[in-house]
Amino acid sequence: MKRTYTSLLSLDSGCVKLCGWVHRLRDHGGVIFLDLRDKDGLLQCIIEEALNPELYQAVRSLRSEYVICVKGQIRKRPEGTQNPRLKTGDLELVVENLEVLNKCETLPFQIDDSSPISEELRLKFRYLDLRRESSKNALIFRHKLSQSIRNFLINEGFIEIETPLLTRSTPEGARDFVVPSRLNPGKFYALAQSPQLFKQTLMIAGFDRYFQFARCLRDEDLRADRQPEFTQVDIEMAFIDEEDIIDLIERMLSLAFSELLNIELKRPFDRISYEDALLTYGSDKPDRRYGLEIADITSILKDTSLQVFANAIKDGGVIRALNVKASLSRSQIEQLIEFTKSLGSSGLAWLKVEGQKLTSPIAKFITKEQADSILRTLKSSDGDTILIFAGPKDLAIKVMGALRSHLIKELKLKAEGFDVLWVVDFPLLEFDPLQNRFVALHHPFTSPKESDIELLSSNLENASRIRARAYDIVLNGYEIGGGSIRIHRRELQELMFKALGMKEEEYLEKFGFLLDALSFGAPPHGGIALGLDRLCAIMLGLDSIRDVIAFPKTQKGICPFTSAPGDISASHMKELYIKSIAPSAHLS
RNA sequence: GGAGCCGUAGUUCAGCUCGGUCAGAACGCCGGCCUGUCAAGCCGGAGGUCGCGGGUUCAAGUCCCGUCGGCUCCGCCA
C-alpha cells in the first residue's frame with residue numbers, strides 16, 4: 001500500500017498507510033491517543049486495548065519522536081470530540097498495524113512552540129528545531145517567496161545563470177574569504193562577495209536579462225541581519241535605465257506580497273533622495289512608520305540672539321530639531337543629552353510646548369515669530385518635547401539619526417505594516433580621510449549621472465558632488481536591495497578607477513579583464529540585488545535572518561551543528577602550501 | 001577592536017541587589033493508575049560541579065577579578 005500524508009486525508013480515505021513521528025501520546029488506560037506528525041501536520045490515531053491487546057502494548061512502549069508507520073481505517077471522530085485546532089480534527093485513524101522504523105533518545109527540548117528555547121540549543125539540534133511548526137514554516141515561507149520571485153522573473157523573460165563562487169579577490173568592498181589553490185601554489189581564490197562582474201559580463205555576452213539566486217560570502221562581523229553567507233536575488237538587464245529596474249522590482253515585490261501575505265503594496269513606491277533621507281531621518285535606510293521626522297530650522301533661527309545657535313550658523317553648521325511627540329521629564333531629557341554627547345555632540349537644546357507656549361531655559365531667546373515658525377514646521381501640539389541640535393552638518397545627521405533610533409527603542413514605539421521606499425540620488429564617491437582618497441559609495445562600476453561626468457574628469461575638486469545612477473530599496477528600515485546603472489564604456493570606467501586613486505598599472509592588473517570586456521561592444525546595462533534573507537525575515541516579522549536560514553552561524557561565525565570552522569591536518573596544509581601562524585593553531 | 005545584556009536540573013526560569021533553610025518551580029523524563037483525550041488528568045520517583053578559573057570571607061549560586069560561550073549594538077559590512 002502506498003503511503004499518504006495527513007494533509008491528503010478525508011472522510012472517505014478508507015484504509016490508509018501513514019509514516020511520521022510520534023508527536024504525543026495520551027494513554028488513558030484501555031485507550032491510547034497517538035498524535036502522528038508528518039511533514040504536513042498532525043493526525044490523531046486511536047488504539048483500543050479491547051480490540052487488539054498486543055498492539056495496545058506495543059503502542060504503550062512508544063516514546064516521543066519514534067519514527068513509525070501505521071496502517072488502519074480513517075473514520076469520523078465521535079460527535080463532540082472533534083478538534084477544530086487541527087486540520088484533521090474531524091478525523092482519526094483506527095490503528096490496525098504499527099511498524100517502528102526507528103527509536104529516539106530522550107529529547108534535549110520538546111518539539112512544540114509552547115515554550116521558548118535558547119537559540120544556541122535550537123541551532124545545535126537544528127534538525128529537531130526544524131521539526132517545530134514555527135521554525136519549519138519560516139523555511140517553507142522562504143521557499144514560496146523564492147518560487148514567487150523565480151516564476152515572476154522567468155515570465156518576464158529572464159534567464160537563470162550560475163556564476164562561480166571561486167573567483168579572484170578584488171580591491172574595494174568587503175573582506176574576502178580566501179581559498180588556497182593546490183594547483184597553483186601560493187595563489188588564492190576569493191569566494192564571491194557577489195556575482196557583480198560576472199553578471200555584467202553576461203550582459204556583454206548578450207544575455208539581456210539575467211537573474212540568479214546567488215550565494216554571497218563576506219568575511220565581516222555578523223549582526224542580526226548579516227550572515228557570512230547569504231543569498232541575493234541578483235538581477236541584471238541590458239538596454240534599460242533606472243526606471244525599468246525600479247518598475248520591475250516594484251511589480252515583483254507587489255506580486256510576492258500579494259501572493260504570500262495577501263497584502264497589496266501601494267505602487268509606485270515612494271522615492272526619497274539620499275540627502276533628504278539623511279536630513280529627515282538621519283539614515284539612508286529610514287523606517288518612516290515611526291514618524292519622528294527631523295527638521296532643519298537653521299533658516300528660522302538665522303537671526304537668533306542665542307549664542308550657541310548663532311555660533312553654529314556662523315561656522316557653517318545647521319540647527320535641526322526633532323519633535324518627540326511625547327512629554328519627556330527633565331531627567332529623561334538629561335539622559336538623551338548624555339547619549340548624544342557620547343556621539344560627539346556638545347549637547348542638545350530643548351523646548352516643551354505647554355499651552356501654546358514654550359517652556360525651556362532657552363525660551364527667552366526665541367521670538368514669537370521664531371516660535372510660531374518652529375511649532376508649525378514641527379507640527380507640534382501641547383505636551384510635545386522638541387529636541388534641538390546645533391553644529392556641523394555631518395554631526396547633525398549622525399546625532400539626530402542616532403537620537404531618533406534611540407527614542408524609538410526607549411519609548412518602545414510600535415510600528416505595524418510595511419514601509420517600502422526607494423532611496424535615490426546617491427553620491428558616487430565619498431572621501432575617506434583614513435585612506436586619504438575617494439571611495440565608491442556603491443561600488444566602482446556604478447555609473448555617474450551623465451551631467452556629472454565632467455566633475456569626474458576634472459581635478460576631483462567637486463567629486464563629492466557627483467551623483468550616481470544608483471538606487472536602494474528600503475523595507476521597514478532595512479536595506480533589502482540596491483543597484484545601479486553600470487559604466488559600460490571603457491574610458492569612463494578607467495576614469496572611475498583613477499578617481500579612486502588607482503594607478504593605470506594597478507587597475508589593469510586587477511580589472512583588465514573587465515576593461516577588455518567593456519571595449520568589445522558592451523551594451524548599456526544595469527541591475528539590482530535583493531537580500532533574500534532580509535526580505536524574507538521582514539515579511540515574516542522576524543527580528544533575525546537566522547530564522548529564515550536552515551543552518552545559520554553564530555555571531556562568532558561558528559556553525560553550532562557542525563562546529564565549523566575546524567582544524568585541518570598538517571599534511572592537508574602542506575598540500576595547500578599554507579602555514580598557520582595562529583597562536584591557537586592546533587595541528588592534528 | 002569596543003560597549004551592553006545573559007549563562008542555575010533535559011528545557012524555560014526564580015533565587016543574586018541585602019553572603020548563612022538557597023538547591024527551588026513549571027514543563028519534560030522514568031514508574032503506577034485511568035476508555036474520548038488532544039499542552040489529557042491523578043499519584044509517586046529520578047535528575048544540578050549554579051559556564052569555567054582565581055580571589056575576598058569563618059562561609060560564595062550570591063561580592064570582586066579574569067576567562068569562555070550566546071545575543072544586541074558601535075566600528076566593519078550593501
Side-chain angles (χ1 to χ4, degrees), chain A residues 23-37 42-51 56 60 63-65 77-86 88-89 92 104-125 128-129 172-176 193-194 196 216-228 230 232 234 284-285 342-344 398 402 405-406 409 423 426 434 439-443 446 470-474 478-484 528-531 533-534 543-544 546 553-558 560 563 584:
Chain A
H23 188 67
R24 209 165 257 128
L25 283 168
R26 292 179 295 280
D27 182 350
H28 285 245
V31 60
I32 299 174
F33 298 101
L34 183 164
D35 289 338
L36 176 86
R37 189 189 69 246
L42 296 178
L43 173 71
Q44 173 166 289
C45 305
I46 182 166
I47 302 92
E48 291 185 79
E49 186 172 23
L51 293 178
Y56 180 81
R60 255 170 75 91
R63 293 293 178 265
S64 281
E65 299 302 304
R77 288 201 198 182
E79 213 50 48
T81 65
Q82 292 93 342
N83 183 352
R85 287 163 58 191
L86 290 185
T88 61
E92 61 189 11
C104 178
E105 297 291 321
T106 298
L107 298 160
F109 54 82
Q110 284 157 263
I111 311 294
D112 61 38
D113 286 321
S114 61
S115 59
I117 306 159
S118 79
E119 193 176 355
E120 206 175 345
L121 199 65
R122 285 173 52 205
L123 294 183
K124 185 173 175 194
F125 297 97
L128 297 179
D129 178 47
E172 313 280 316
R175 189 178 298 111
D176 291 309
Q193 292 183 23
S194 84
Q196 183 60 37
C216 302
L217 298 110
R218 292 174 190 167
D219 186 9
E220 296 291 349
D221 286 4
L222 284 69
R223 289 283 191 283
D225 63 345
R226 271 163 35 189
Q227 283 274 303
F230 59 100
Q232 283 186 347
D234 197 44
D284 60 355
K285 41 182 198 299
S342 71
L343 300 165
K398 181 179 164 193
S405 335
H406 187 72
K409 227 179 283 171
V423 179
F426 283 86
L434 283 178
V439 294
L441 200 72
H442 197 73
H443 57 54
T446 297
Y471 32 82
D472 274 4
I473 184 162
V474 176
Y478 290 90
E479 185 209 318
I480 58 159
S484 63
I528 193 167
L530 299 185
D533 315 84
R534 284 182 190 174
D543 293 327
S544 160
R546 292 186 299 274
K553 308 241 181 327
T554 67
Q555 197 163 43
K556 282 199 76 189
I558 287 163
S563 303
S584 60

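Both backbone and side-chain heavy atoms feed into the values below; hydrogens, waters and symmetry mates do not. Order of the sequence lines sets the chain letters (A, B, ...), proteins ahead of strands, with each chain counted from 1. Not measured: the values here are computed from a predicted model.
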Which part of the nucleic acid, if any, lies within contact of [X], taking any heavy atom under 4.0 Å across all strands shown: a base, the sugar-phosphate backbone alone, or nothing?
| X | value |
| --- | --- |
| Arg85(A) | sugar-phosphate |
| Ser194(A) | nothing |
| Leu441(A) | base |
| Arg546(A) | sugar-phosphate |
| Glu120(A) | sugar-phosphate |
| Glu92(A) | base |
| His442(A) | base |
| Gln82(A) | base |
| Glu49(A) | nothing |
| Gly481(A) | nothing |
| Arg226(A) | base |

Any strand is fair game: report the nucleotide pairing with [N] by Watson-Crick or G-U wobble, both distances under 3.5 Å, or none.
| N | answer |
| --- | --- |
| A46(B) | none |
| G61(B) | none |
| G24(B) | C13(B) |
| G7(B) | C68(B) |

Protein heavy-atom contacts under 4.0 Å, written 5' to 3' over nucleotides 3-8 of chain B as B (base), S (sugar-phosphate only) or - (none), form the string ------
Scoring nucleotides 11-16 of chain B by protein non-hydrogen atoms under 4.0 Å (B base, S sugar-phosphate only, - none) yields SS----
- Task: By nearest nucleotide on RNA chain B, pick out whichever of Ser114(A) and Gly482(A) is the more 5' one.
- Result: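 Whichever sits nearer the 5' end wins; that is Ser114(A).
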Legend entry - Tyr478(A) vs Pro78(A), nearer the 5' end of RNA chain B by closest nucleotide: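 Nearer the 5' end of the strand: Pro78(A).
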Can you pull every protein N or O that's under 3.5 Å from an N or O on nucleotides 31-33 of chain B?
residue : atom : partner  : partner atom : Å
G31(B)  : OP2  : Arg63(A) : NH2          : 3.0

Pairwise [atom1] distance for [N] and [M], with rounding to whole Å:
| N | M | atom1 | result |
| --- | --- | --- | --- |
| G61(B) | G51(B) | C1' | 12 Å |
| A60(B) | U67(B) | P | 23 Å |
| G15(B) | G24(B) | C1' | 8 Å |
| U35(B) | U49(B) | P | 40 Å |
| C16(B) | G7(B) | C1' | 13 Å |
| G53(B) | U62(B) | P | 12 Å |
| G2(B) | G66(B) | P | 12 Å |
| G45(B) | U8(B) | P | 26 Å |

Check: Does the aromatic ring of His28(A) sit over the six-membered base ring of A40(B), closer than 5.5 Å centre to centre and tilted less than 30°?
Finding: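 Stacked: centres under 5.5 Å apart, planes under 30°.
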Distance check: side-chain N/O of [X] vs OP1/OP2 of [N], anything under 4.0 Å?
| X | N | value |
| --- | --- | --- |
| Lys556(A) | G70(B) | no |
| Arg24(A) | C27(B) | no |
| Thr81(A) | U37(B) | no |
| Gln44(A) | U37(B) | no |
| Arg223(A) | G75(B) | no |
| Arg26(A) | U37(B) | no |

What residues form a side chain to side chain contact (heavy atoms under 4.5 Å, CB included) with [X], not counting sequence neighbours?
| X | answer |
| --- | --- |
| Arg534(A) | Asp225(A), Arg226(A), Glu479(A), Ile480(A), Ile545(A) |
| Glu49(A) | Tyr56(A), Gln57(A) |
| Lys409(A) | none |

[X] [atom1] - [N] [atom2] separation (whole Å):
| X | N | atom1 | atom2 | value |
| --- | --- | --- | --- | --- |
| Asn83(A) | G36(B) | CG | C1' | 12 Å |
| Asp112(A) | G28(B) | CG | P | 9 Å |
| Phe33(A) | U35(B) | CZ | C1' | 8 Å |
| Leu42(A) | A39(B) | CG | P | 10 Å |
| Arg122(A) | C71(B) | CZ | P | 11 Å |

- request: Answer yes or no: is there a donor N or O on one side and an acceptor on the other, between the side chain of Arg546(A) and the main chain of Thr554(A), under 3.5 Å?
  value: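 Absent.
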**Item:** Nearest-nucleotide pick for Glu220(A), side chain only, options being A78(B), C77(B), C71(B)
**Value:**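 Nearest to the side chain of Glu220(A) among the choices is C77(B).
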What nucleotide among A78(B), U35(B), C76(B) has an atom nearest to a side-chain atom of Asp472(A)?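 Ranking A78(B), U35(B), C76(B) by closest atom to the Asp472(A) side chain puts A78(B) first.
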Just checking, is any N or O donor in the side chain of Gln110(A) or Arg24(A) under 3.5 Å from an acceptor N or O on the other one?
->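 Short answer, no.
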